[in-house]
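Just so you know, ligand 1 is whichever comes first in the structure, and atom 1 is the first atom listed for that ligand.
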Amino acid sequence: MLFCNNEKPLKPSVSAHYLLPIIMEKTMAAFPEVKKTVQYEGPESKNPLAYRFYNPDEKIEGKAMKDHFRFSAAFWHTMRASGSDPFGPGTMYRPWEGKDTVANAQKRVRVFFEFLEKMQLNFYCFHDRDVAPEGKTLAETNGNLDEVVKVFKEEQHRTGIKLLWGTANLFGNPRYMHGAATSSNADAFAFAAAQVKKALEVTKELGGDGYTFWGGREGYQCIWNTDMKRELDHLAKFMHLAVDYAKQIGFKGQFYFEPKPKEPTKHQYDFDSAACINFLRAYGLEKYVKMNIETNHATLAGHSVEHELEYAGHQGFLGSVDANAGDELLGWDTDQFPTNVYMTTKMMLSILKYGGLGKGGLNFDAKVRRESFEPIDLFYAHIGGMDAFALGLKIAADIRKGGELAKMVQDRYSSWDSGIGKEIEAGKQDFKSLEKYILKKGDTEPNVSGRQELFENIVNRYVFK
Ligand code: XLS
Ligand code: NI
Ligand code: NI
């Protein structure tokens with residue numbers, strides 16, 4: 001995720017609808033081209049503002065699609081991404097934007113809910129600093145946040161849309177230059193603690209289903225100046241303090257830890273699922289925190305998202321998903337919208353296998369490209385992502401129903417179902433007895449081919465029906 005709260009969107013001087021006032025009146029539609037809610041119209045539809053596969057109430061494996069996904073939009077990307085990159089300023093045209101005031105922040109929330117409603121998105125996520133401007137002091141900042149939270153509450157009440165998870169931005173402000181919980185500056189830790197305290201209160205106030213820790217700048221650039229053990233101890237201390245405070249205030253949401261291997265620091269401590277789970281177990285946090293897996297972070301770690309889901313899933317840590325995609329040729333967190341149906345199929349196979357996301361969901365931690373500067377592009381982007389997942393879910397459910405892949409995997413491991421394999425799994429063999437077994441047998445025998453190509457062909461049969 002790359003964004004800067006203070007950057008103002010540009011105002012291109014083209015075509016008539018750009019002549020809308022900069023600050024919109026509450027009653028004025030922010031997305032006038034989208035006259036009605038985006039609806040399911042089926043695979044044959046050519047309407048760019050319709051779903052071809054996402055049919056919210058359609059049951060797949062006995063559960064409505066909307067409950068499988070719990071789709072969420074990210075406030076930061078949807079409402080605050082300006083389109084800036086390291087080479088140039090923002091490009092986005094957002095007619096509702098104005099001064100960085102509380103009043104405008106409140107209007108922005110109403111626009112956001114208009115978007116969520118028109119998209120049939122049932123959830124959203126936010127960082128504290130995306131939604132309300134920072135004041136001169138923490139007290140002033142918290143006051144600003146409270147004013148905006150009132151509008152979130154009203155809009156949630158009006159629409160029934162819910163908060164999937166909240167989080168705190170512990171990376172944007174220069175005070176976090178060395179990190180927040182892992183900062184060399186104890187005051188930065190203290191400020192971050194105060195910030196998360198408030199973010200938890202607000203998340204609870206909004207009935208949020210979860211709270212996410214993404215490491216932000218929790219990592220390091222240079223081993224010479226870094227006390228890694230101390231930094232990791234502090235990160236664990238920070239999470240324990242958050243868990244304790246959640247208990248104190250009665251926040252029942254699920255905590256998530258979101259892995260990301262690098263960016264902004266060279267070595268982020270929350271590298272991947274395996275590293276995060278090791279950290280959680282080493283510091284006694286495993287009962288309280290699950291994983292929030294993000295596709296583009298998985299690929300930055302040299303993994304695929306299905307690897308990350310599978311790893312978290314079999315360890316019992318599968319929590320939620322930040323749905324996006326990277327670019328094959330760019331080595332950074334491009335946060336694109338996911339459209340690759342092979343990928344969504346693999347993801348849904350893992351998610352179904354581990355019994356679904358529970359309190360989690362699929363949060364589009366994704367932003368439109370810098371060149372896609374019109375508000376309507378936000379619709380096309382989310383429609384594409386939701387349809388890719390809906391189709392992926394249908395294919396995954398078909399694959400599971402067909403059963404060939406599961407059967408072939410089972411056959412591949414059949415040497416473990418009887419004889420020596422079964423005895424090893426049952427703990428009835430040791431090194432001495434295994435040596436005896438092999439000395440007697442002479443050597444191993446090839447048993448079942450890996451059949452990767454056949455697996456791939458079968459998958460294609462389901463994908464291209
Ligand atoms: C950044 C992360 C961030 C988290 C929430 O790369 O994806 O957006 O999801 O802080
Ligand atoms: Ni990201
Ligand atoms: Ni994310």
Side-chain angles (χ1 to χ4, degrees), residues 1-5 71-82 84-86 123-131 163-173 176 179-182 192 195-196 199-200 202-203 208-219 235 238-239 242 253-273 276 289-301 303 305 308-309 312 319-327 330-338 347 357 360-369 381 385:
M1 182 202 67
L2 291 166
F3 74 95
C4 172
N5 282 353
F71 281 131
S72 150
F75 193 92
W76 55 100
H77 285 312
T78 309
M79 302 312 289
R80 304 310 306 272
S82 68
S84 67
D85 70 10
F123 292 89
Y124 70 98
C125 296
F126 72 98
H127 298 80
D128 50 0
R129 300 297 176 256
D130 312 329
V131 296
L163 174 61
L164 186 67
W165 48 258
T167 189
N169 179 330
L170 303 178
F171 42 91
N173 190 293
Y176 299 125
T182 64
Q195 214 181 308
V196 172
L200 284 170
V202 161
T203 302
D209 278 340
Y211 184 89
T212 292
F213 294 105
W214 168 60
R217 295 180 191 276
E218 315 295 22
L235 183 58
F238 194 89
M239 285 196 182
Q254 175 64 49
F255 279 101
Y256 303 112
F257 197 11
E258 182 177 320
K260 183 172 184 181
K262 54 187 162 197
E263 202 195 286
T265 69
K266 181 161 64 175
H267 298 281
Q268 296 272 131
Y269 292 131
D270 46 8
F271 190 95
D272 61 0
S273 287
C276 287
V289 186
K290 289 188 172 170
M291 306 312 298
N292 179 36
I293 306 289
E294 178 165 323
T295 316
N296 205 163
H297 298 180
T299 48
L300 286 178
H303 298 310
V305 63
E308 286 292 89
L309 291 171
S320 201
V321 172
D322 268 5
N324 62 16
D327 185 283
L330 296 176
W332 66 87
D333 199 13
T334 58
D335 288 342
Q336 283 160 234
F337 277 83
M347 291 174 75
L357 293 171
L362 284 176
N363 170 48
F364 288 107
D365 192 353
K367 60 181 180 232
V368 291
R369 297 305 83 199

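Between His77 and Phe364 the shortest side-chain heavy-atom distance does not fall below 4.5 Å. The side-chain heavy atoms of Tyr211 and Val196, taken from C-beta on, include a pair separated by under 4.5 Å.
Contacts with ligand 1 closer than 4.0 Å are made by no heavy atom of Glu263, backbone or side chain. Heavy atoms of Asn292 found under 4.0 angstrom from ligand 1: none, in either backbone or side chain.
For Phe271 and His297, the ring centers are positioned 6.0 Å apart or more. The six-membered or imidazole ring of Trp165 lies away from that of Phe123, with a centre-to-centre distance of 6.0 Å or more.
Among Tyr269, Phe255, Phe257, the one residue that satisfies the ring pair (Phe, Tyr, Trp, His ring centres under 6.0 Å) test with Phe213 is Phe255. The side-chain hydrogen bond (donor to acceptor under 3.5 Å, both in side chains) test with Lys260 is passed by exactly one of Asp272, Asp333, Asn296: Asp333.
Applying the 4.0 Å criterion to heavy atoms of His127 picks out, from ligand 1, the atoms 5 (C), 10 (O). Within ligand 1, the atoms closer than 4.0 Å to a non-hydrogen atom of Asp333 are 6 (O), numbered from 1 in the order shown. Below 4.0 Å from some heavy atom of Trp76 lie the following atoms of ligand 1, by number and element: 8 (O). Annotation for ligand 1: atoms under 4.0 Å from non-hydrogen atoms of Lys260 are 1 (C), 6 (O). Applying the 4.0 Å criterion to heavy atoms of Asp322 picks out, from ligand 1, the atoms 9 (O). Using a 4.0 Å cut-off to heavy atoms of Glu258, the atoms of ligand 1 that qualify are 2 (C), 3 (C), 4 (C), 7 (O), 9 (O).
If you check the side chains of Glu308 and Ser273, you find a donor sitting under 3.5 Å from an acceptor. For Trp332 and Asp327, the side-chain atoms include no donor-acceptor pair closer than 3.5 Å.
Taking 4.0 Å as the cut-off, Asp365 counts as a neighbour of ligand 1 on heavy-atom distance. Ligand 1 has His297 within reach: a non-hydrogen atom of the residue lies less than 4.0 Å from it.
Judged as a side chain to side chain donor-acceptor pair (under 3.5 Å), and not counting sequence neighbours, the contacts of Asp128 are Gln195. Every residue meeting the side chain to side chain donor-acceptor pair (under 3.5 Å) condition with Asn324, not counting sequence neighbours, appears here in chain and number order: Glu294, Asp335. Partners of Asp270 by salt bridge (Lys or Arg N to Asp or Glu O under 4.0 Å), not counting sequence neighbours: none found.
Taking a cut-off of 2.8 Å, the protein N, O or S atoms nearer than that to the Ni ion (ligand 3) are Glu258 OE2, Glu294 OE1, Asp322 OD2, Asp365 OD2.
No other N/O/S atom of Asp333 lies as close to the Ni ion (ligand 2) as OD2 does.
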